[in-house]
Amino acid sequence: MAKACQLFSGSSGNSIYIGNNSGGVLVDIGVSARRCEYALNRIGVSPENLKAVFVTHEHSDHISGIRVFASKFNIPVFAAPETMEELRRTGTVNEKINGFEIDKSLEIGAFGVEAFRNSHDSSACLGYKFTMPDGRRISVCTDTGYVTDDAKKTLTGTDMIFLESNHEVSMLENSSYPYILKKRILSARGHLSNFAAGEFIKELLQGGTTRFVLSHLSRENNMPEIARQNALAALDEIGARENADFRLFVSQPENDGGLIIL
């Protein structure tokens, strides 16, 4: 039985659990090791049963707890070659941690892992698709200015996806953010808007995806209900019905809804 949970989401820290009854993996640990351990315990997951931590990129809201957590529980860390080089340079991955590079695909126990390239202003940025022992596929696609061809190719047919829906463009444009920051977020190496997420969700549903988790929402330039209504409107355009053709979730900054079971 495949299960997943967004433990933390947004600029204050990100972490996603994906697993089954025999174990699981984390994508990013952007909060303290203590907070991550507590969040896992809340959903009934023991850190000792984790098989790996997969890193999307080296920004602090995705890696701040990795060094302590991985060394404490002796968990291997995987990242793109460029990201792993940066993690080693900064000491996030040190001699106490088993760090490995991933460029495309590998197997962790009975879990299949396929990485794909996103577009973000970091040394590299990966998304991941996990194929579970029961054949279910769960994917993570966040921190990207647009949906890359590599992402589209890899994600077609995934059963469930954590998809970035970072900002509402009009809110960002009228926010108090400095111009240079607005320009960065709106760029091709920034973050995915609600509109862009909605357009991709339509493609994903038509390819077989039935569970969507809107992720990495900005607290300043988005609202959960706005992101949700945008996605629902996009899906309504193709005649899709919530709870009949798909299920839609919106990640909170800290999980309060338990696990999603597939």
Side-chain angles (χ1 to χ4, degrees), residues 1-7 9 14-29 40 43-57 62 70 75-81 83-84 98-118 124-144 147-164 197 200-201 203-216 245-249 251 255 258-262:
M1 181 183 297
K3 57 187 74 175
C5 178
Q6 178 104 46
L7 301 174
S9 179
N14 297 272
S15 187
I16 294 172
Y17 169 79
I18 296 170
N20 60 14
N21 291 336
S22 64
V25 301
L26 289 177
V27 177
D28 293 333
I29 306 177
L40 287 167
I43 60 171
V45 174
S46 171
E48 286 83 359
N49 290 334
L50 292 174
K51 304 176 186 298
V53 177
F54 289 89
V55 179
T56 58
H57 63 295
H62 294 262
I75 299 171
V77 175
F78 292 83
T83 304
M84 185 56 68
N98 292 319
F100 300 95
E101 296 177 356
I102 176 173
D103 190 47
K104 195 58 183 173
S105 61
L106 54 80
E107 291 186 359
I108 295 288
F111 291 64
V113 187
E114 189 170 358
F116 56 90
R117 293 274 171 162
N118 283 327
C125 189
L126 295 182
Y128 296 98
K129 180 173 76 175
F130 300 90
T131 301
M132 313 301 286
D134 63 0
R136 296 279 193 167
R137 292 156 295 184
I138 302 174
S139 301
V140 177
C141 181
T142 66
D143 295 82
T144 191
V147 182
T148 65
D149 289 341
D150 195 21
K152 290 182 178 181
K153 179 181 177 181
T154 304
L155 293 171
T156 299
T158 190
D159 295 287
M160 174 180 174
I161 186 168
F162 292 86
L163 179 66
E164 179 169 59
F200 188 41
I201 282 173
E203 294 183 36
L204 288 167
L205 182 70
Q206 292 169 324
T209 306
T210 58
R211 289 169 176 81
F212 303 94
V213 185
L214 304 182
S215 186
H216 211 302
D245 302 311
F246 66 90
R247 294 187 67 190
L248 178 66
F249 307 87
S251 293
N255 172 59
L259 288 157
I260 299 171
I261 309 296
L262 277 73

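Count residues from 1 along the sequence.
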* Side chain of Thr148, backbone of Ala151: donor and acceptor closer than 3.5 Å? ->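 Looks like yes, one N/O pair under 3.5 Å.
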- Do Ser9 side-chain atoms and Asn14 backbone N/O form a donor-acceptor pair below 3.5 Å? no
What distance do [X] atom [atom1] and [Y] atom [atom2] have between them, rounded to the nearest 0.5 Å?
X      : Y      : atom1 : atom2 : result
Asp150 : Leu126 : CG    : CG    : 9.0 Å
Asp143 : Asp28  : CG    : CG    : 7.5 Å
Ser215 : Leu163 : OG    : CG    : 8.0 Å
Phe246 : Leu204 : CZ    : CG    : 12.5 Å
Arg136 : Arg211 : CZ    : CZ    : 5.5 Å
Met1   : Asn21  : CE    : CG    : 6.0 Å

* To do: Verify side-chain contact (heavy atoms from CB on, under 4.5 Å) between Leu40 and Tyr17, making sure each step is shown before the conclusion.
  => CA-CA 8 Å; Leu40 287 167; Tyr17 169 79; 4.0 Å; yes
Classify the ring geometry of His62 against His216: parallel below 30°, tilted from 30° to 60°, perpendicular beyond 60°.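 Ring orientation, 0 to 90° scale: parallel.
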Run the side chain to side chain donor-acceptor pair (under 3.5 Å) test against Lys51 and tell me which residues pass, sequence neighbours left out.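 For Lys51, no residue satisfies side chain to side chain donor-acceptor pair (under 3.5 Å) once neighbours in sequence are set aside.
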Would you check, one step at a time, whether the test side-chain contact (heavy atoms from CB on, under 4.5 Å) holds for Ile161 with Cys141? CA-CA 7 Å; Ile161 186 168; Cys141 181; 4.1 Å; yes
Can you give me the closest heavy-atom contact between [X] and [Y], atom names plus distance?
X      : Y      : result
Ile138 : Lys3   : CD1-O, 4.2 Å
Ile102 : Phe78  : CG2-CB, 4.1 Å
Ile18  : Ala4   : CG1-CB, 4.2 Å
Ala70  : Val77  : CB-CG2, 3.8 Å
Ala52  : Ile75  : CA-CG2, 3.5 Å
His57  : Ala124 : CB-O, 3.2 Å

*Taking the side chain as every heavy atom from C-beta outward, state whether Phe212 and Leu205 have any pair of such atoms under 4.5 Å apart.*
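Contact flag for Phe212/Leu205 side chains = yes.
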4.5 Å side-chain heavy-atom contact, Phe130 and Val27 | yes
With sequence neighbours left out, the residues meeting ring pair (Phe, Tyr, Trp, His ring centres under 6.0 Å) with Phe200 are none
Handout entry: Derivation and outcome, side-chain contact (heavy atoms from CB on, under 4.5 Å), residues Arg137 and Leu155
Key = CA-CA 9 Å; Arg137 292 156 295 184; Leu155 293 171; over 6 Å; no
ask   = Between Gln6 and Asn255, does a side-chain contact (heavy atoms from CB on, under 4.5 Å) hold up when you go through it step by step?
value = CA-CA 6 Å; Gln6 178 104 46; Asn255 172 59; 5.9 Å; no
Under 3.5 Å, which donor-acceptor pairs do the side chains of residues 108-118 form with other protein atoms, sequence neighbours left out?
residue, atom, partner, partner atom, Å
Arg117, NH1, Glu82, OE2, 3.1
Arg117, NH2, Glu82, OE1, 3.3
Arg117, NH2, Asp103, OD1, 3.1
Asn118, ND2, Thr142, O, 3.3

query: Got more than 12 heavy atoms from elsewhere within 6.0 Å of CD, Glu48?
result: yes
Tell me if the CG atom of Asp149 is crowded by more than 12 foreign heavy atoms within 6.0 Å.
no
Side chain to side chain contact (heavy atoms under 4.5 Å, CB included) against [X], all qualifying residues, sequence neighbours excluded:
X      : answer
Asp245 : Ala240, Arg241
Glu101 : Pro81, Met84, Arg88
Phe249 : Val213, Arg247, Ile260

